[in-house]
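First the structure, in the form of structure tokens, and then the observations on it.
Numbers for residues simply follow the sequence, beginning at 1. This is a predicted model, so every value here is computed, not measured.
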Amino acid sequence: SVETYRGFVLQRGQGSIILAPTSLVRGEERVEVVLFDGRTAWARVPSLGAEEEPPLVALAWETGAAPAGVQALAWSVRPELGPGRRAWTLEPPIGATPGTGRPVLVNTSLRSAAPSPLERYWQVGLRSSLGAPLLDARGAVLCVVFRRWLAEPDTTLCVTESDATRSIGP
């Protein structure tokens with residue numbers, strides 16, 4: 001069976017990587033990346049120790065570089081985060097095969113910080129969207145949805161750049 005994971009392309013130095021939720025790709029050695037235009041590429045998943053559980057993991061392009069024409073996102077510089085902060089993400093149309101259909105712009109907002117010991121993550125009013133970057137009005141990444149928040153219905157947790165690859169917990 002084929003599983004579909006979600007991630008996004010992020011600028012890193014002169015190149016790019018793919019960021020994806022660790023929980024979705026743990027145990028994989030490589031994953032096929034389906035771009036919004038339908039093209040595919042392969043990426044390597046780094047091995048993580050049994051105790052390591054960062055919200056996101058950086059996947060490396062198997063060829064060493066992104067396919068030509070891939071647009072990478074960048075983290076927002078000094079994002080102003082707080083309850084009510086507006087954010088947007090792009091979602092594939094419901095029922096669409098990955099790489100087909102025009103993406104849908106979804107408008108959402110940050111709710112509040114999660115309770116201790118997860119207070120460094122933001123609650124977001126999205127039912128799923130794991131791996132989705134939440135963007136500011138300029139298209140820069142504010143935070144990334146990485147897990148469902150079971151304490152609140154239709155809520156997920158979002159991680160900022162400073163904690164994206166740091167292990168979950170206190």
Rounded to the nearest 0.5 Å, what separation is found between the [atom1] atom of [X] and the [atom2] atom of [Y]?
| X | Y | atom1 | atom2 | answer |
| --- | --- | --- | --- | --- |
| L10 | I18 | CG | CD1 | 10.5 Å |
| L56 | F8 | CG | CZ | 7.0 Å |
| Q123 | D154 | CD | CG | 12.5 Å |
| T89 | N107 | OG1 | CG | 11.0 Å |
| R166 | T160 | CZ | OG1 | 9.0 Å |
| E62 | R30 | CD | CZ | 4.0 Å |

Considering non-hydrogen atoms only, spot the tightest contact between [X] and [Y] and give its length.
| X | Y | answer |
| --- | --- | --- |
| P153 | R111 | O-NH1, 4.0 Å |
| R39 | V70 | NH2-CG2, 3.9 Å |
| P46 | A58 | CD-O, 3.4 Å |
| T108 | G125 | OG1-O, 3.5 Å |
| V33 | A43 | CG2-CB, 3.9 Å |
| S16 | A66 | OG-CB, 3.5 Å |

Q71 atom CD, neighbour heavy-atom count above 12 within 6.0 Å: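 Count not over threshold, so no.
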
Enclosure of R86 CZ (heavy-atom neighbours >12, cutoff 6.0 Å):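 Yes, the 6.0 Å shell around CZ holds more than 12 heavy atoms from other groups.
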
Candidate pair V45 and V31, rule side-chain contact (heavy atoms from CB on, under 4.5 Å), full reasoning: CA-CA 7 Å; V45 179; V31 293; 4.0 Å; yes

Stepwise side-chain contact (heavy atoms from CB on, under 4.5 Å) test for V124 and L110: CA-CA 5 Å; V124 181; L110 300 182; 3.8 Å; yes

Under 3.5 Å donor-acceptor, T22 side chain and P54 backbone: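 Confirmed, T22 side chain pairs with P54 backbone.
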
Flag, side chain of W61 to backbone of P67, donor-acceptor distance under 3.5 Å: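 No; zero donor-acceptor contacts below 3.5 Å.
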
Same cluster (ILVMFWY, side-chain, under 4.5 Å), V57 and W42: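 Not linked; separate clusters.
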
Would you list the atom pairs, donor with acceptor, under 3.5 Å between side chains in residues 129-151 and any protein atom, with sequence neighbours excluded?
from, atom 1, to, atom 2, distance (Å)
S129, OG, E91, OE2, 2.5
D136, OD1, R138, N, 2.9
D136, OD1, G139, N, 3.0
D136, OD1, A140, N, 2.9
D136, OD2, S76, OG, 3.3

